[in-house]
Amino acid sequence: MDKNDIAIIKSKRKSELIGKSYTTACGMLIIILTLSIFFFIASKGVATFTTDHVSIFDFLFSSTWAPEKIGSRGQPYVGAAIFIAGSIIVSIFAVLVSTPISICSAVFMTEISPKLGEKFLRPAIELFAGIPSVVYGWIGLSILVPFLRNTVGGLGFSLLAAGIVLTIMIFPTIASVAADSLRVLPSDYREAAYALGATRWQTIKGVLIPAALPQIFTGVVLGMARAFGEALAVQMVIGNSIKFPQGLTDPTITLTSIITMDMGNTVAGSAWNNALWSMALLLLLISFGFIILIRRISKRGD
Amino acid sequence: MRKKCVNFKKLSIICLISFIILSMVSGCKEDNQSSILVIGSTALQPLAEQAAKMFMYDNPNVSVQVQGGGSGNGLTSVSQGSADIGNSDIFAEEKSGIDYKSLSDYRVAVTGFAVISNKGVGVEDLTESQLVDIFTGKITNWKDVGGNDVPVVVINRPSSSGTRAAFKKYGLKGAVETSSGKTLTQDSSGAVLLGISETPGAVSYIGLSYINDNKSINVIKIDDVSPNAENISNGKYKIWAYEHMYTRGTAKGAIKDYIDFVTSDKMKPYIKKLGYIPIGDMKVSR
């Protein structure tokens with residue numbers, strides 16, 4: 001080894017060191033950011049229970065929302081049951097409607113007509129995913145709401161309107177994950193099924209979809225998480241009435257809508273504001289739950 | 001050759017770092033430059049922004065930044081010291097959780113609120129008690145107040161909103177609005193306008209600055225008085241509110257200059273143009 005080689009190795013090591021420390025710093029930054037966001041929201045969110053003396057049970061299961069009033073024990077009435085129910089119902093509705101459509105279009109895209117799927121359907125779905133939520137909301141407000149009012153009745157502002165908007169919004173998430181999971185299946189599966197005399201439909205139904213199911217579930221959970229967290233589009237069409245819906249055409253409200261509507265108008269540190277933070281914490285915990293669920297599912301798939 | 005490459009990398013990193021440092025230094029405030037941060041009410045925001053633009057033109061060494069975020073946000077920010085001026089649609093005393101004694105109130109303009117409805121209700125005039133009955137849920141069909149046979153759909157603002165607080169206090173005399181029956185909530189004036197123009201039987205309230213010559217909605221007179229600047233300034237029309245700018249302690253220096261500028265004669269035509277009423281025009285006060 002001559003001097004020159006040693007110098008090269010040294011300088012290589014140096015640049016490696018720089019690269020390594022830079023990537024480590026970036027990784028650490030993300031971890032610190034996530035943790036500090038969590039602790040910030042948690043510290044604000046627990047104030048409802050510690051300083052305002054609301055019991056967790058009341059917060060989760062009471063439907064009395066009157067944060068400006070003070071109860072007998074000095075606690076404000078911040079029951080979030082209506083918001084929680086609204087969020088759950090509307091997300092489940094969206095997932096139930098969106099999942100079959102998404103899986104079918106994924107099957108079409110990968111198995112039935114890959115050419116057409118690759119050329120038109122895939123770009124269309126990608127375009128769908130790129131539309132900002134305020135646009136979905138505005139279209140929902142100006143087209144879907146009047147349409148529902150004239151066809152199914154009611155006010156138009158309803159659980160149904162929000163569910164339909166969310167169905168369309170989470171469709172690209174579920175469809176693209178499902179399509180990817182079908183695409184990466186080894187071609188042996190298809191060939192083996194055909195060799196056994198299975199038709200295309202039998203192959204799809206009996207072999208491909210079952211094999212891709214864990215990944216498809218991941219897509220469904222991702223879609224569910226998106227539906228749960230969507231604020232703007234839902235808030236614009238759901239009507240935001242603070243009461244339990246009696247049917248699909250009734251207006252109701254979700255966790256995210258009450259947060260976006262009240263956050264700017266309430267004073268930091270007041271019971272009202274604290275209750276909104278508690279709901280934000282609840283949303284965060286729910287999305288953590290979804291993430292854990294996804295990890296469980298994909299682990300089982302391996 | 002390789003060595004040169006590494007040197008080039010090093011050089012670029014040094015350049016990058018020095019660029020960052022330079023830009024940080026140049027971003028620092030100069031001593032003779034003062035900046036004012038205004039946060040709060042979205043209803044007052046257009047006026048505050050217009051004033052800021054003109055004020056900075058006259059005073060190039062002061063920078064005024066105006067942000068929205070809502071009245072509650074404005075009051076919180078100014079009392080915690082993170083903003084110099086907090087804009088609010090309602091008195092700080094009326095917002096729970098604010099140490100209003102430490103704040104100084106500057107009333108910069110007046111906003112009127114009109115009761116608006118869908119065009120198909122067939123009603124152009126309501127008495128004050130009819131208005132209260134509609135919003136408290138006692139009247140559920142427009143035919144009970146001389147209109148068409150259309151059910152009433154109340155579109156409210158969120159209960160924390162300054163507009164709703166003002167309407168409840170001066171329009172409904174403090175009566176509690178119904179939450180049962182056909183009620184919706186929309187949190188922006190634009191969404192309220194769209195909801196009103198499309199939903200049969202819908203009724204709501206909105207800042208006068210949003211109405212202008214809007215033909216898609218029906219503006220309702222209260223006790224035969226139209227909501228307009230003249231009727232508000234002479235006290236005939238009751239549903240209006242002050243737009244406040246709050247400062248911590250008494251306003252001094254550039255902050256005082258800016259608030260004075262907002263209420264100055266120079267701003268008056270703009271205040272009117274944006275749909276507010278200049279404080280100097282008011283013949284009544286609260």
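A, B, ... follow the sequence lines: proteins, then strands. Residue 1 opens every chain.
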With respect to chain A, which residue among B:Gly40, B:Ser161, B:Ser71, B:Ser188 yields the maximal number of heavy-atom pairs within a distance under 4.5 Å?
B:Ser161
Based on non-hydrogen pairs under 4.5 Å, which of B:Ala202, B:Gly70, B:Ser41, B:Gly201 is most in contact with chain A?
B:Gly70
State, with a plain yes or no, whether a side-chain heavy atom of A:Ser270 is found less than 4.5 Å away from one of B:Lys95.
no
Quick check for you: among B:Gly68, B:Ser159, B:Ala165, which has the greatest number of heavy-atom pairs under 4.5 Å with chain A?
B:Ser159
Please name all residues satisfying side chain to side chain donor-acceptor pair (under 3.5 Å) with B:Asp144, sequence neighbours left out, ordered by chain then number.
none
Residue selection (most heavy-atom pairs with chain A, distance under 4.5 Å) from B:Thr42, B:Ile90, B:Ile98, B:Asp89
B:Ile98
Please give me the minimum heavy-atom distance between B:Gln186 and A:Met236, naming the atom from each residue.
NE2-O, 3.5 Å
Going from CG on B:Leu184 to CD1 on A:Ile238, what distance comes out if it is rounded to the nearest 0.5 angstrom?
11.0 Å
Output the distance between atom CG (A:Asn240) and atom CD1 (B:Ile155), rounded to the nearest 0.5 Å.
11.0 Å
B:Leu194 CG to A:Leu141 CG distance, which is reported to the nearest 0.5 Å
4.5 Å
Do B:Ser160 and A:Asp262 have a side chain donor and acceptor closer than 3.5 Å?
yes
Heavy atoms of other groups near B:Lys173 NZ, more than 12 under 6.0 Å
yes
Name the option with the most non-hydrogen atom pairs under 4.5 Å to chain B; the candidates are A:Asn273, A:Asn265, A:Thr266.
A:Asn265
Considering heavy atoms only, which positions within residues 72-82 of chain B lie below 4.5 Å of chain A?
B:Gly72, B:Asn73, B:Thr76, B:Gln80
Compare every heavy atom of B:Glu198 with every heavy atom of A:Arg149, then report the nearest pair and how far apart it is.
NH2-O, 2.8 Å
Hey, is OH on B:Tyr170 packed in by over 12 heavy atoms from elsewhere, all under 6.0 Å?
yes
In terms of heavy-atom pairs under 4.5 Å, which option from A:Gly264, A:Pro67, A:Ala268 contacts chain B the most?
A:Gly264
Should we count CZ of A:Phe244 as having more than 12 external heavy atoms under 6.0 Å?
yes
State the CZ-OG1 distance between A:Phe157 and B:Thr183, to the nearest 0.5 angstrom.
12.0 Å
How long is the gap from CD1 on A:Ile258 to CG on B:Asp187, to the nearest 0.5 Å?
10.0 Å
Flag if over 12 foreign heavy atoms under 6.0 Å of CD, B:Gln65
no
Which portion of A:Ser257 sits near chain B, non-hydrogen atoms under 4.5 angstrom:
neither
